[in-house]
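Note that this is a predicted model, so its numbers are computed, not measured.
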Amino acid sequence: MSAAGDVAARATAGFRQRYGAEPAGRWAAPGRVNLIGEHTDYNDGFVLPFALPLRTVVAAALADDGRWSVWSELDDEPVEFGPAGADEPGRVDGWAAYVAGVVWALRAAGHDVPGARLAVASDVPVGSGLSSSAAIEAAVLAALVDLGGLDLPADRWPRLAQRAENDYVGAPTGIMDQSAVIRGRSGHALFLDCRTEEVEQIPFDLDAAGLAMLVVDSRAPHRHADGEYAARRKSCERAAKALGVAALRDVATADLDAALARLDDPETRRRVRHVVTEDQRVLDTVELLRAGRIRDIGPLLTASHASMRDDFEITVPEIDTAVEAALAAGAYGARMTGGGFGGCVLALVDADAADAVAAAVAAAYADRGFTAPHTLPVLPAGGATRLD
């Protein structure tokens, strides 16, 4: 893993090469993983993500012509757009849509967004479920707010960034990703109530406990992720309507059996059972972390994975293999993180066992003929910030 400074240096070098000048500053935002609470966000439930040390950095400066130009190290051709592109969702597509979406959302909220030149570098892998999209949105948002001197308190940034992704890019995400990458704090997980948007910083000092979170990029291709994600969301919305509640968050754990008995479709019952029990697992995890019992959350992580595998049906063989191998190698708990059908696995391990667990996962992959995974031990990091 490269340090944030290395990513910032690449963003600066890209800015100089592309624009022949020095940037006015550099802004960074992290990727994120969700410790627990999967597919609960759009059900008005609870999530517990934390920010990663992996960073996206935007080097930027004002542009006199009132237009926006953005270059990324992943695509050497810069994308340029003016007010028309920023005011019409879909006008800018591809990776640059996340940048244009932020400009659009700011303008739609009544802010006078300055023209800017931007260069983007990142260590957040694309397509791995670590929220590279929210990282670029947050870094661009931080840059434009600073460059334009905009009156926009940071607690309003997540909802604006979510609107950029939902309404400009067209991705039906909840508010978890943007909240985590903007409001994350080092050594903490972010307990978020997705209905009220209230947050609480929950102590999660893995380092002090001699622990690490091993992130395993499964390298599994996302199989029908967008369509399946939308299908799960619609199923939950239909179930809530059938049960007469605003969202599945309103089904209490104690009332789950009675609620399931009112649903005719076995698949819908499984979906509801996952969401209701997952919300409870988040609450139970928070209570354990408040008490400083980090190792004891392991079984909750593993139970979350079983629920995603059996009830929500969003895992794939590579993911299940990584979880099973990590547990067999001594992980306290392991689960898929993210929307599913590929992406990453989290494994809670002793810090000095991280290499051995990673090796066990790699060996299990080799036995199954899967593409070798990439593993990385991580600690909770801070959220979006200006670097200089």
Side-chain angles (χ1 to χ4, degrees), residues 1 31-38 48-50 52-54 123 125 127-130 187 189 204-223 278 281-282 284-285 288-289 292-381:
M1 178 184 69
R32 68 95 190 97
V33 290
N34 190 21
L35 180 60
I36 196 165
E38 226 62 76
L48 191 64
F50 64 90
L52 293 171
L54 300 169
D123 274 354
S128 62
L130 301 182
F204 190 47
D205 194 344
L206 293 166
D207 197 28
L211 298 168
M213 191 63 72
L214 192 67
V215 176
V216 181
D217 183 350
S218 71
R219 301 293 175 95
H222 280 272
R223 302 179 177 118
E278 186 79 346
R281 283 186 286 271
V282 176
D284 292 344
T285 299
L288 288 171
L289 292 182
R293 297 167 55 188
I294 300 179
R295 285 173 176 81
D296 291 345
I297 72 172
L300 291 167
L301 304 182
T302 305
S304 171
H305 182 79
S307 182
M308 289 186 286
R309 181 192 64 215
D310 301 335
D311 280 345
F312 226 60
E313 299 176 286
I314 55 175
T315 69
V316 294
E318 293 93 334
I319 290 287
D320 293 332
T321 296
V323 168
E324 292 160 9
L327 292 171
Y332 293 100
R335 66 183 289 274
M336 186 196 75
T337 184
F341 310 100
C344 288
V345 163
L346 296 181
L348 180 64
V349 300
D350 288 319
D352 58 8
D355 288 345
V357 175
V361 173
Y365 264 52
D367 288 344
R368 296 286 299 273
F370 296 149
T371 301
H374 175 68
T375 57
L376 178 73
V378 300
L379 301 173

Kindly indicate, with the supporting measurements, whether the criterion side-chain contact (heavy atoms from CB on, under 4.5 Å) is fulfilled by Leu346 and Leu301. CA-CA 9 Å; Leu346 296 181; Leu301 304 182; 5.8 Å; no
Rounded to the nearest 0.5 Å, how far apart are [atom1] of [X] and [atom2] of [Y]?
X	Y	atom1	atom2	result
Met213	Leu52	CE	CG	10.5 Å
His305	Phe312	NE2	CZ	14.5 Å
Ile319	Arg309	CD1	CZ	12.5 Å
Thr285	Leu48	OG1	CG	6.5 Å
Leu130	Asn34	CG	CG	11.5 Å
Met336	Met308	CE	CE	4.0 Å

What closest approach, in Å, do [X] and [Y] show between heavy atoms, and which atom pair accounts for it?
X	Y	answer
Asp217	Cys344	CA-SG, 3.7 Å
Pro380	Phe50	CA-CD1, 3.7 Å
Val361	Pro373	CG1-CG, 4.1 Å
Arg335	Ser304	NE-OG, 3.0 Å
Val378	Pro53	CB-CD, 4.1 Å
Val282	Gly37	CG2-CA, 3.4 Å

Under a 4.5 Å cut-off applied to non-hydrogen side-chain atoms, are [X] and [Y] in contact?
X	Y	result
Leu35	Leu289	yes
Thr371	Tyr365	no
Pro125	His374	no

Check the pair Ile36, Glu278 against side-chain contact (heavy atoms from CB on, under 4.5 Å), reporting the backbone distance first and the verdict last. CA-CA 8 Å; Ile36 196 165; Glu278 186 79 346; 3.8 Å; yes
Applying side-chain contact (heavy atoms from CB on, under 4.5 Å), can you list everything that pairs with [X], at least two apart in sequence or on another chain?
X	value
Thr375	Leu214, Val216, Ala358
Leu379	Leu206, Asp207
Ala209	Leu211, Ile294, Arg295

[X] side-chain N/O to [Y] backbone N/O, donor-acceptor pair under 3.5 Å:
X	Y	result
Glu38	Gly338	yes
Ser307	Ala303	no
Thr302	Ala334	yes
Ser218	Gly342	no

Does Arg219 form a side-chain contact (heavy atoms from CB on, under 4.5 Å) with Glu318? I'd like the steps, not just the answer. CA-CA 8 Å; Arg219 301 293 175 95; Glu318 293 93 334; over 6 Å; no
Does one side chain, of Asp296 or Tyr332, offer a donor that lies under 3.5 Å from an acceptor on the other? no
side-chain contact (heavy atoms from CB on, under 4.5 Å) between Leu288 and Leu300: does it pass, once the steps are laid out? CA-CA 10 Å; Leu288 288 171; Leu300 291 167; 3.7 Å; yes
Assess whether atom CG of Asp355 is packed by more than 12 heavy atoms of other residues, nucleotides or ligands within 6.0 Å. no
